[in-house]
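Atoms considered below: every heavy atom in the structure, side chains included; atoms not considered: hydrogens, waters and symmetry mates.
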Amino acid sequence: MIKIKEDNIKISFIIPFNYVKDTDFIKDSLNSILNQTLDNFEIICINNSSEDLSSNFSTSDKNIKIIDGIGNINLFDMIKGEYVSFINPNDLFMLISFDLLYDYAISNDLDLIFYPSSVLDSNGNSVDNDYFDYSGIASNKNICLNQKDITNFLFFIAHDIFNVLYKTSFIKELNFTFDLNNMFDNAYLFFKTILNSNKIAMFNNTLSFKRMDVQPIYNNEIQIGDPFTMSINENCNFDFINNCNFINENNDGFTIESIINIFNLFVEMNLYNVYSRNLINYISYAFKKVYYNSNDKENVFKLIKQFYIKHHENFKFILNLDVSNLFFYRTILKSNNSYDFELYYKIQSLKIHRDKLFYKNEILENEINELKYYLNNNSNKEKHSLNKVSRVLQDKNRYLTLKNRRLIKENKDLKENIKSKKGLFN
């Protein structure tokens, strides 16, 4: 049992349990916290699962509290530590991790300090993953930063509350509540704290480890069949949204509201013009992912459309949308409901795909014509070789032509479907 003094708790560890997949992993994670060289800390476990967590703890550890669901309780009122860290129940920590972080935070009077993680495969080997890598921001001296220092990095680091040590008094001064189960409420906390702080540090050394086999959201795999998949581009790193575990999101309406709250936060802090391009595309992509994963698409569609209608006369808003998000935005506004939206989106996607095929067809036809010219002006040996190439290109051309015809037919069928059911195409 770890002895602590309640009036001198250094760090409060908040561990949310939304589901208990592998108790052995959880025990390993808890042991890596309980065995920290840091003295005087408390652990608050938020049990949002249907499992009994008590078997994972020693009941004699008085610094461990288990709360079944958070309900209407203000989490920050329960925290007694000088600093607080939200812990993923599957992460592992070096035993000196929080001793190092606490000493550095105290000595520099930091509001928050980020620390990097490595990702391990099922064999315990480190894999390439920069989701929680802050090396692009941190200097060798871990100097203190503010939001102005990280303007170019803000949308390119993990928008998550894990891997951060927060000063408790700083968070309480911001005076807000959030739902620990809502990924975008967590992102709101991330943005709210980092935008309000003048004392931020990025720790260089790896202090924790994430396991890909029990946390597949860190493997950056694209969802099969997702029509709204977007990779990293010049505007923003969308890894956080790609990695969101939407399976655990139980209220799509609240999730959309949380996304809009992030947008409003930048407006209220007069930072909209500074981050507009990154912010607008981040918000739009978040909308796409929530819609795609929603069980109530009609309600989500209405909420997204209301937001877009509010900003549809904002020329700067529209200009900052990248091509795919502008396509999404326009399709939402022209649709009356989610059914219309999905048909319109499918039609436009088919048109884009058809145009690409037309373009490829033109290139192939030009190549075939060039080959025919050479065939008519070269020796028999060269002609034989060129004939083979020509036949291959002609086969490709025929394939693309057939595919194009199928797309045109599918497009026509979709239009007829809408015309018969909605009367939108007159």
Side-chain angles (χ1 to χ4, degrees), residues 2 4-16 29-30 32-44 63 75-88 91-118 132-150 153-154 157-176 178 180 186-210:
I2 301 168
I4 63 169
K5 298 176 182 178
E6 276 209 0
D7 59 347
N8 191 31
I9 295 175
K10 293 178 179 177
I11 297 179
S12 297
F13 295 106
I14 310 296
I15 311 179
S29 178
L30 289 171
S32 73
I33 294 292
L34 288 168
N35 293 317
Q36 288 289 307
T37 56
L38 177 78
D39 59 353
N40 290 3
F41 60 84
E42 67 173 354
I43 298 174
I44 301 174
N63 61 327
L75 184 60
F76 296 128
D77 288 343
M78 302 169 56
I79 297 171
K80 296 177 182 177
E82 294 174 78
Y83 282 81
V84 57
S85 184
F86 298 91
I87 303 296
N88 188 310
D91 288 356
L92 293 172
F93 296 87
M94 295 177 65
L95 299 185
I96 61 169
S97 295
F98 290 99
D99 230 340
L100 293 174
L101 290 169
Y102 177 79
D103 285 346
Y104 189 75
I106 287 293
S107 61
N108 291 280
D109 191 28
L110 296 173
D111 292 329
L112 58 151
I113 179 170
F114 292 84
Y115 56 92
S117 287
S118 289
F132 284 105
D133 180 8
Y134 306 108
S135 59
I137 308 169
S139 71
N140 292 329
K141 295 181 180 179
N142 295 329
I143 58 173
C144 298
L145 309 164
N146 57 44
Q147 64 92 2
K148 291 181 181 178
D149 297 320
I150 60 172
F153 299 94
L154 186 59
I157 56 178
H159 302 150
D160 214 324
I161 59 173
F162 303 107
N163 287 64
V164 190
L165 184 67
Y166 293 101
K167 189 175 186 178
T168 305
S169 59
F170 166 68
I171 287 186
K172 288 184 176 181
E173 284 172 6
L174 295 178
N175 192 28
F176 69 96
F178 76 108
L180 202 54
N186 294 349
Y188 178 86
L189 188 151
F190 164 86
F191 286 116
K192 179 92 171 177
T193 52
I194 207 168
L195 293 175
N196 278 282
S197 175
N198 289 311
K199 296 179 180 179
I200 305 167
M202 307 283 178
F203 208 77
N204 269 335
N205 300 321
T206 297
L207 298 176
S208 68
F209 303 89
K210 299 183 180 295

Smallest heavy-atom separation, Thr206 atom then Ser118 atom, equals CG2-OG, 3.4 Å
Report the distance from atom CD1 of Ile96 to atom CG of Asn35, rounding to the nearest 0.5 Å.
14.0 Å
Approximate separation, where rounding is to 0.5 Å, of Leu100 CG and Phe203 CZ:
5.0 Å
Report the distance from atom CD1 of Ile11 to atom CG of Leu38, rounding to the nearest 0.5 Å.
5.0 Å
Counting C-beta onward and ignoring hydrogens, is there a side-chain heavy-atom pair between Asp99 and Gln36 closer than 4.5 Å?
no
If you compare all heavy atoms of Ile113 against all heavy atoms of Tyr104, which two are closest, and at what distance to 0.1 Å?
CD1-CD2, 3.5 Å
Are any non-hydrogen side-chain atoms of Asp109 and Lys167 less than 4.5 angstrom apart?
yes
If you compare all heavy atoms of Leu165 against all heavy atoms of Tyr115, which two are closest, and at what distance to 0.1 Å?
N-CE2, 4.3 Å
Measure the NZ-CG distance between Lys148 and Leu154 for me, rounded to the nearest 0.5 Å.
14.5 Å
Looking at side-chain heavy atoms only, is the closest gap between Glu82 and Ile106 below 4.5 Å?
yes
Under 3.5 Å, is there a donor on one side chain and an acceptor on the other for Asn163 and Ser117?
yes
With sequence neighbours left out, what residues match Phe13 under ring pair (Phe, Tyr, Trp, His ring centres under 6.0 Å)?
Phe41, Phe98
Which atom names give the shortest non-hydrogen contact between Phe162 and Phe86, and what distance separates them?
CD2-O, 3.1 Å
Say you draw a straight line from CG of Leu30 to CG of Leu92; how long is it, rounded to the nearest 0.5 Å?
10.5 Å
Gap between atom OG of Ser97 and atom CD1 of Ile33 - 0.5 Å precision
8.0 Å
Please assess Ile200 against Asp149 for the test side chain to side chain contact (heavy atoms under 4.5 Å, CB included), listing each intermediate value before the final yes or no.
CA-CA 10 Å; Ile200 305 167; Asp149 297 320; over 6 Å; no
Taking Ser12's backbone N and O only, do any of them form a donor-acceptor pair with Ser85's side chain (distance below 3.5 Å, no angle check)?
no
Measure from the side-chain N and O atoms of Ser32 to the backbone N and O of Ser29, and report whether any donor-acceptor pair falls under 3.5 Å.
yes
I'd like a table of donor-acceptor pairs (distance under 3.5 Å, sequence neighbours excluded) in which one partner is a side-chain atom from residues 169-176, with atom names and distances.
unit_1: Lys172; atom_1: NZ; unit_2: Phe76; atom_2: O; d: 3.3

State, with a plain yes or no, whether a side-chain heavy atom of Asp111 is found less than 4.5 Å away from one of Thr193.
no
Checking Glu42 side chain against Lys80 main chain: does a donor-acceptor pair fall under 3.5 Å?
yes
Take a 6.0 Å sphere around NZ of Lys199 and say whether it holds more than 12 heavy atoms from other residues, nucleotides or ligands.
no
Name of the residue among Phe114, Tyr188, Phe190 meeting ring-ring contact (aromatic ring centres under 6.0 Å, His included) with His159:
Phe190
Report the C-alpha distance between Ile14 and Ile79 in whole Å, list the side-chain angles of each, state the deciding distance to 0.1 Å, and finish with yes or no for side chain to side chain contact (heavy atoms under 4.5 Å, CB included).
CA-CA 9 Å; Ile14 310 296; Ile79 297 171; 4.2 Å; yes
